[in-house]
Amino acid sequence: MVPSAIAQDVATAMSVFLEGVRNDFGASELHFTDIYSGRGTWKGVPVAKRIEIFDLMKHFVSSFALPIVHRTVSEETLDDHPGIREKLVRTSGSPWNLAEISHFGFLLLCFSVCGYAREMNRKAPSDFRLPMPLFVDEGLAGAGTFVGLPSWGDVIEGQQAHFCNSKDNPGIQIADFAAFAIARTQWIIVQQKGGTPIRKGDLEFLKTTSDLNLVNLPKVAMSLENVSKDAYEFLLSRDRQNKGLPPRPGKGPIKEN
């Protein structure tokens with residue numbers, strides 16, 4: 001989320017950053033999966049240079065302290081949100097189909113973003129003005145499409161999502177970075193075997209998310225010796241129980257968190 005008070009500063013800084021990337025690497029936009037894997041425009045670019053892009057982007061996001069809301073939904077975790085699901089069922093309509101996991105996941109994210117946006121607006125109404133526009137990377141709908149939302153008109157401008165591509169709206173590339181950084185951090189941890197030294201490149205990448213302003217993900221300090229899939233699953237289980245959920249998804253009745 002980009003607070004209205006710094007929206008123009010963020011846009012200007014992102015424009016300058018992207019201009020530098022275009023001049024140095026010939027890339028018109030940032031797709032962080034490609035950068036990490038050395039694909040497309042980034043094929044043949046030395047690893048150190050690609051790591052530098054991640055490092056620069058990390059400092060960009062952390063310097064503005066942009067609040068990041070992260071949501072993951074799967075078939076296994078649908079029962080984690082009974083109250084929210086019921087609200088969405090009552091208010092949803094065409095073209096949203098809550099039987100589609102991608103539709104439900106997107107609306108659940110909207111629900112979460114709106115909750116945090118209202119909270120920030122209450123704390124600093126002049127810095128975080130509402131309603132705010134909602135820009136979404138093309139996929140669920142084509143670029144240039146406006147799709148109505150079932151609710152949240154007090155928070156989301158026009159009560160609609162504006163789907164666009166990242167070339168037309170560079171801010172989407174900030175979200176792409178955050179999503180990739182979080183997912184990659186989790187992947188590194190679950191692939192790690194306890195007691196095995198973490199590769200230098202992975203260790204540097206783990207530091208990427210430590211400076212991000214993740215408003216709904218708890219940060220946990222772990223010793224390098226204890227980074228492993230088992231340790232990660234233990235933390236997930238503990239976090240679920242702290243939220244009133246069963247230790248693992250799909251294990252019986254729960255209360256709304």
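For the pair Ser126 and Ser4, the tightest heavy-atom approach, listed with the atom from each and the gap, is O-OG, 4.3 Å. Counting all heavy atoms, side chain and backbone alike, Val215 lies closest to Tyr116 at O-OH, 3.9 Å. Contact record, Thr33 with Arg39: CG2-NH2, 3.3 Å, taken as the closest heavy-atom pair. Minimum interatomic distance between Gly142 and Glu138 (heavy atoms only, all atoms of both residues): C-CB, 4.3 Å. Between Ser37 and Arg50, the shortest heavy-atom distance links the atoms C-NH1, 3.9 Å. Taking each heavy atom of Asn216 and Val69 in turn, the nearest pair found is OD1-CA, 3.6 Å.
Side-chain contact between Val61 and Ile174: present, with at least one pair of heavy atoms (C-beta onward) separated by less than 4.5 Å. In this structure, the side chains of Leu149 and Leu107 come closer than 4.5 Å at one or more pairs of heavy atoms. Using a 4.5 Å heavy-atom threshold, the side chains of Arg248 and Ser237 count as separate. Counting only heavy atoms from C-beta outward, the side chains of Ile156 and Pro131 never approach each other to under 4.5 Å. Taking the side chain as every heavy atom from C-beta outward, Gln192 and Ile198 approach each other to under 4.5 Å. With a 4.5 Å cut-off on side-chain heavy atoms, Phe17 and Gln173 do not count as touching. Put simply, the side chain of Leu203 does not reach to within 4.5 Å of the side chain of Arg199, judged on heavy atoms. For the pair Phe104/Val73, a side-chain contact is recorded, criterion being any heavy-atom separation below 4.5 Å from C-beta on.
Under the 4.5 Å side-chain heavy-atom criterion for Ile, Leu, Val, Met, Phe, Trp and Tyr, Phe146 and Val136 are members of distinct hydrophobic clusters. Tracing side-chain contacts under 4.5 Å through hydrophobic residues (I, L, V, M, F, W, Y), one never reaches Ile6 starting from Phe135; they form parts of separate clusters. When the side chains of ILVMFWY residues are joined at heavy-atom separations under 4.5 Å, either directly or via intervening members, Trp187 and Leu214 end up in a single hydrophobic cluster. Residues Ile188 and Tyr232 fall within the same hydrophobic cluster, defined by Ile, Leu, Val, Met, Phe, Trp and Tyr side chains chained together at heavy-atom separations under 4.5 Å. Tracing side-chain contacts under 4.5 Å through hydrophobic residues (I, L, V, M, F, W, Y), one reaches Ile101 starting from Val147; they form part of the same cluster.
Annotation: the span from Leu206 atom CG to Ile189 atom CD1 amounts to 5.5 Å, rounded to 0.5 Å. A distance of 11.5 Å separates CE of Met120 from CG of Asp127, quoted to the nearest 0.5 Å. Residue Thr41 holds its OG1 atom at 9.0 Å from NE2 of His31, rounded to the nearest 0.5 Å. Between atom CZ of residue Phe111 and atom CZ of residue Phe106 there is a gap of 14.5 Å, rounded to the nearest 0.5 Å. Rounded to the nearest 0.5 angstrom, Leu217 CG and His70 NE2 are separated by 5.5 Å. Ile53 contributes atom CD1, which lies 6.0 Å from atom CD1 of Ile35 (distance to the nearest 0.5 angstrom).
Within 6.0 Å of atom NZ in Lys219, more than 12 heavy atoms from other residues, nucleotides or ligands are found, so the atom counts as buried in its surroundings.
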- Test salt bridge (charged side-chain N to carboxylate O under 4.0 Å, His left out) on Glu119 and Arg122 and set out the steps. CA-CA 5 Å; Glu119 180 180 338; Arg122 284 194 295 269; 5.2 Å; no
- Task: Assess whether side chain to side chain contact (heavy atoms under 4.5 Å, CB included) is satisfied between Met1 and Leu66, documenting all intermediate values.
- Result: CA-CA 6 Å; Met1 294 187 288; Leu66 298 177; over 6 Å; no
- Stepwise salt bridge (charged side-chain N to carboxylate O under 4.0 Å, His left out) test for Asp24 and Lys49: CA-CA 10 Å; Asp24 293 343; Lys49 286 292 185 182; over 6 Å; no
- Message: Please determine whether salt bridge (charged side-chain N to carboxylate O under 4.0 Å, His left out) holds for the pair Arg240 and Asp80, giving the CA-CA distance in whole Å, both sets of side-chain angles, and the decisive distance to 0.1 Å.
- Response: CA-CA 9 Å; Arg240 287 178 61 82; Asp80 287 355; 2.7 Å; yes
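A salt bridge between Arg118 and Asp154 is present, with a side-chain N of the basic residue lying under 4.0 Å from a carboxylate O of the acidic one.
A donor atom on one side chain and an acceptor atom on the other are found under 3.5 Å apart for Asp168 and Asn165. Side chains of Glu29 and Ser166: a donor-acceptor N/O pair is present below 3.5 angstrom, by distance only.
Separation of the Phe205 and Tyr36 ring centroids falls under the 6.0 Å cut-off. A ring-centre distance under 6.0 Å is found for Phe54 and Phe180.
Distance alone, capped at 3.5 Å, is enough to place a donor-acceptor pair between the Thr185 side chain and the Ala181 backbone. Remark: side-chain polar atoms of Trp96 are paired, donor with acceptor, to backbone N or O of Gly148 under 3.5 angstrom. Remark: side-chain polar atoms of Asn169 are not paired, donor with acceptor, to backbone N or O of Cys164 under 3.5 angstrom. At distances below 3.5 Å, at least one donor-acceptor pair connects side-chain atoms of Thr12 with backbone N or O atoms of Gln8. A distance-only check finds no donor-acceptor pair linking the side chain of Asn121 to the backbone of Ala117 [under 3.5 Å]. Looking only at distances, no side-chain donor or acceptor of His162 sits under 3.5 Å from a matching main-chain atom of Leu134. Side chain of Asp137 to backbone of Ile172: no donor-acceptor contact under 3.5 angstrom is found. Within the 3.5 Å criterion, the main-chain N or O of Ala65 finds no donor-acceptor partner in the side chain of Ser62.
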